[in-house]
Amino acid sequence: MFFKTNKLNEFRFWGLVLLMLGMLIMIVGTAGILLWGEKGQIFTVIFMIVGILFMAGSMAVYFWAGMMSTSTISLQCPECGKMTKLVGKTDRCYHCKTILTLDPSLANTAASADEGDSNDK
């Protein structure tokens, strides 16, 4: 995982990034009309279409995260005692960021990989 957070939050983060980029691209596209008048309309149309594509990508990522959220296993975190969702073989707790797994063969490797990450910094 890229960040030290659970997988559902990571997908939602990238959905938010796509949404904000799409809006920013569309705002920059309107500068075509403001700067070049009627000649900037093509520039604006291109940027609006690209911005809409980014926002559609964001919608797809949010939909994917929602569908994953409905089919995940809910379990109680052994560290903080709160309910969290497990996506895949290993995931992190939503609240305390503890690595969780249901596979006993991965239990020690996930914990040692987390310790290796903290020693690298």
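Below, each value reflects all heavy atoms present in this structure, side chains not excepted, and no hydrogens, waters or symmetry copies. The first residue in the sequence is number 1, and the count goes up from there.
Trp14 and Tyr62 fall into different hydrophobic clusters, where Ile, Leu, Val, Met, Phe, Trp and Tyr side chains are chained together by heavy-atom contacts under 4.5 Å. Both Val50 and Val61 are part of a single hydrophobic cluster, where members link through side-chain heavy atoms under 4.5 Å apart. Under the 4.5 Å side-chain heavy-atom criterion for grouping Ile, Leu, Val, Met, Phe, Trp and Tyr, Phe54 is connected to Phe13 within one hydrophobic cluster. Cluster membership check: Val28 shares its hydrophobic cluster with Leu35, using side-chain heavy-atom separations under 4.5 Å among Ile, Leu, Val, Met, Phe, Trp and Tyr. Tracing side-chain contacts under 4.5 Å through hydrophobic residues (I, L, V, M, F, W, Y), one reaches Leu16 starting from Met26; they form part of the same cluster.
Between Cys80 and His95, the shortest heavy-atom distance links the atoms SG-CB, 4.1 Å. The shortest heavy-atom contact between Gly29 and Thr44 is O-OG1, 2.8 Å. Here the closest heavy-atom approach between residue Val87 and residue Met68 is recorded as CG1-SD, 3.9 Å. Scanning both residues, Leu100 and Pro78, for their nearest heavy atoms gives CD2-CD, 3.6 Å.
Lys85 contributes no side-chain N or O that, together with a main-chain N or O of Thr72, makes up a donor-acceptor pair within less than 3.5 Å.
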*Met48 and Thr30: CA distance, side-chain angles, deciding distance, side chain to side chain contact (heavy atoms under 4.5 Å, CB included) verdict*: CA-CA 8 Å; Met48 288 293 174; Thr30 58; 3.4 Å; yes
*Let me see the working for Thr84 and Arg92 under side chain to side chain contact (heavy atoms under 4.5 Å, CB included), right down to the final yes or no.*
CA-CA 9 Å; Thr84 188; Arg92 291 184 179 266; over 6 Å; no
_Stepwise side chain to side chain contact (heavy atoms under 4.5 Å, CB included) test for Met55 and Leu18_ = CA-CA 6 Å; Met55 293 179 82; Leu18 283 173; over 6 Å; no
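The ring pair (Phe, Tyr, Trp, His ring centres under 6.0 Å) test applied to Phe43 returns Trp36, Phe47, not counting sequence neighbours.
Between Ser58 atom OG and Arg12 atom CZ the span is 12.5 Å, to the nearest 0.5 Å. Considering SG of Cys93 and CD of Gln76, their distance stands at 10.0 Å, rounded to 0.5 Å. Distance CD1/Ile46 to CD1/Ile25: 12.5 Å, rounded to 0.5 Å.
Annotation: Met59, atom CE; neighbour count of heavy atoms from other residues, nucleotides and ligands within 6.0 Å does not exceed 12. By the 6.0 Å contact criterion, CD1 on Ile42 is open, its count of non-hydrogen atoms from other residues, nucleotides or ligands being 12 or less.
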